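The structure under discussion appears below in the form of structure tokens.
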Amino acid sequence: MGESPSNPSGLTFRLADDRKLKAIYVPAAEKASVNLGFLRHALVAGGFADLFIYDHALVELIKRYNAATQEFVYDVGEQRDGTYIIRNTPDNIEAYLTLTRPYGGKPVRPEQLHQALREQGVIYGVLTDEIETAIEAGEATDLLIARGVPPEQGTDAELVSLIPQARDRQPELQDNETVDYRDRGEISSVKAGDPLMRRIPPTPGKPGTNIMGKEVPAPPAKDLQFTPNLPGTTFAPDDPDLLIAAIDGQPVLVANGVMIEPVIKIKNVDLSSGNITFKGSVDISGDITPGMTVRATGDITVGGVVEGATLEAQGDIVVRGGIIGPGENRDPKGKSGQERALIRAKGNIEALFVENSLVEAGGMIQIAGFAMQSNLVAGTQVVVGQEGTTKGHIIGGSCQAVSRIQAVTLGSHAGVHTTVSVGVNPHVKEKLSTVKLKIAEAERELDELTKKLDYFASTPLKGTPEQINETRQAKDKLVTALSELKGEKKRLEKRLEQASDALIRVERAVLSGVVISIGTKTLEVKDDMEGGITFRLEDDAIVASQ
């Protein structure tokens, strides 16, 4: 391979000492016609067909040739040797090969690759057959050529509840889509000595071996211990991993354990009793007067009426009378005022009726009579009244539930604005918005770190090894955090994907002035609708069926 034979065109090719393929034009007596086919034939004839030809170089050569009036030399390609890159994974469990073929130069030899692996410290799990196959093919992209043994994860410790029915006192929905208020299930209770929760200790994993021949320890299994000093509990005398009840009472699942709640009983909550804050359940046989507050870590049960008061419970709230928002309250001088009722529970809420109140439940809300000018928010469903009865009206205000709202009548003949919505958990929606903002910020920071690393790679003298390593570690940490945020985003989005199953069931009538929302879709009722009606989301639209 040296110089192509002369030809009538005056155009020849020569491989120079710098391995560049040069096109040399010396004016001939008569300029011949030159095209791509002619040039490719000339390259083959000169033994240059295997060289690397620059993009568009031959087209440019034709242009220069056609315009040339004197001798010129133009680089159209070059001779290249085969190249390779060996990349180890960050944990040194695997190595990958990217191989490029030669262009008229020397190919990569197997011994070169094996030597490079040794220089990189790769001595374990080398896949010789894969390397030979890649050499024969002449090229490869990210081919696995060495593989270690990854460590095996052990089993994390676990706390297993032995009281699975604790707190599950929600009335069950029957096959005919009605709720039997008489069947509330048993209130979970235990006696001293009853088992509550068992701790299963962690088991260690198995170490692995990386491609450097070094042992890779197994990730430590997570240990889990009981929360210390759980009220009303102790450990079995012959088994420190078994939590048992120390007193009779109601078991409540808490973080890493179970506590036993005693119950405090009060006749009325008024100025004589003062506000009630209790770590346990509260049983009030009478009424709660305006302006009073009752807070409990367990359940709150009220035998009478709640008027203009605040109730907050970590468990359920049951008001056997009604909940009245604007209650008359007189100060020591006799001046009257108005107090708004606020009822909030992480579990379920039950009441005879609700008027001018804010009611929020993590579970379901059940109202036997009516809900008037109130805001109801339930984590699962809202049931007002029972099918087949005349009670069960939602009049004015708003009613929100994730999966289901059931009532006898929605709205009023006076056209009072009433909003009823299902299919979206407002708390989850707010969390999702926050996570999306965090993802956007993380992606922006990741882009900046990537650009910084690219800058260091293109200008090696601009970054010290410490700066480069610090930037790379920051990027890896951010990639992990971003992956966790995206996982949380998917989980939240899945929790919001409930509109397809959510429904609003009305036994008798939906009156004008009612606004129905399912997921992101809204339907305003302009004319009264009679008869049993079920609103669902079908084909991305709200439909009403009887």
Side-chain angles (χ1 to χ4, degrees), residues 149-172 183-209 215-266 276-283 295-301 312-318 345-348 361-364 379-380 484 487-488 491 495:
V149 178
E152 294 183 15
Q153 175 72 51
T155 303
D156 295 339
E158 186 178 1
L159 297 178
V160 179
S161 172
L162 304 178
I163 47 168
Q165 297 304 316
R167 285 289 181 230
D168 187 10
R169 295 189 283 129
Q170 175 177 306
E172 295 184 0
D183 182 13
R184 303 211 169 272
E186 294 182 0
I187 297 177
S188 179
S189 62
V190 295
K191 294 182 179 180
D194 286 350
L196 303 174
M197 182 171 285
R198 173 168 290 284
R199 174 181 174 268
I200 300 176
T203 57
K206 294 182 180 179
T209 305
E215 182 179 282
V216 181
K222 295 180 181 178
D223 197 3
L224 198 59
Q225 298 289 338
F226 288 111
T227 298
N229 303 319
L230 290 164
T233 69
T234 187
F235 295 101
D238 56 347
D239 190 349
D241 289 324
L242 179 62
L243 188 71
I244 64 175
I247 61 174
D248 296 350
Q250 187 177 27
V252 179
L253 294 173
V254 296
N256 296 345
V258 180
M259 61 180 288
I260 305 301
E261 287 182 351
V263 178
I264 185 172
K265 295 186 178 183
I266 302 173
I276 303 298
T277 299
F278 185 68
K279 293 182 178 179
S281 295
V282 178
D283 187 346
R295 292 187 173 91
T297 60
D299 297 337
I300 297 175
T301 303
E312 294 184 352
Q314 299 293 315
D316 300 337
I317 294 178
V318 176
K346 288 190 176 180
N348 304 321
M364 70 181 298
T380 56
E484 292 175 353
E488 184 177 0
R491 290 190 292 272
R495 290 180 64 183

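What you see is a predicted model, and the numbers here were worked out from it, not measured in a lab.
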Can you name the nearest heavy-atom pair linking Thr227 to Ala255, along with the distance?
OG1-O, 2.7 Å
So, taking the atom named CD1 in Ile247 and the one named CD1 in Ile260, what distance separates them when rounded to the nearest 0.5 Å?
6.5 Å
Using the side chain to side chain contact (heavy atoms under 4.5 Å, CB included) rule, pick out the option among Ile163, Leu253, Val160 that qualifies with Met197.
Leu253
Correct closest heavy-atom pair for Leu159 and Asn256 would be CD1-CA, 3.5 Å
Which value, rounded to the nearest 0.5 Å, describes the distance between Leu196 atom CG and Met259 atom CE?
11.5 Å
Nearest atoms (heavy-atom pairs only) where Gly347 meets Ala361:
O-CB, 3.6 Å
Correct closest heavy-atom pair for Glu152 and Ala218 would be O-CB, 3.4 Å
Salt-bridge criterion met for Arg199 and Asp241 (N-O under 4.0 Å)
yes
I'd like to know if the side chain of Thr203 reaches the main chain of Thr155, judged simply by a donor and an acceptor atom lying under 3.5 Å from each other, with no hydrogens or angles considered.
yes
CG/Asn229: more than 12 non-hydrogen atoms of other groups inside 6.0 Å
no
Can you check whether Val263's main-chain N or O pairs, donor with acceptor, with Ser281's side chain at less than 3.5 Å?
no
Is any side-chain heavy atom of Pro195 less than 4.5 Å from a side-chain heavy atom of Leu242?
yes
Note, Pro151 side chain near Pro217 side chain (heavy atom, < 4.5 Å)
no
Roughly how far, to the nearest 0.5 Å, is CG of Leu243 from OG1 of Thr234?
8.0 Å
Would Val254 and Thr297 satisfy side-chain contact (heavy atoms from CB on, under 4.5 Å), going step by step from the backbone distance to the final call?
CA-CA 11 Å; Val254 296; Thr297 60; over 6 Å; no
Rounded to the nearest 0.5 Å, how far does CD1 of Ile244 lie from CZ of Phe235?
10.0 Å
Can you name the nearest heavy-atom pair linking Ala221 to Gly154, along with the distance?
CB-C, 4.4 Å
Could you walk me through whether Arg198 and Asp239 pass side-chain contact (heavy atoms from CB on, under 4.5 Å), step by step?
CA-CA 10 Å; Arg198 173 168 290 284; Asp239 190 349; 2.9 Å; yes
Val258/Leu230 under side-chain contact (heavy atoms from CB on, under 4.5 Å): CA gap, chis, key distance, verdict
CA-CA 7 Å; Val258 180; Leu230 290 164; 5.7 Å; no
Rounded to the nearest 0.5 Å, what's the gap from NZ on Lys346 to CD on Glu312? Could you check?
10.5 Å
Closest approach of Arg491 and Glu484, non-hydrogen atoms and distance?
NH2-O, 4.4 Å
Do Leu224 and Asp156 come close enough that some side-chain heavy atom pair is under 4.5 Å?
no
Asp299 side chain vs Asp316 backbone, donor-acceptor pair below 3.5 Å
yes
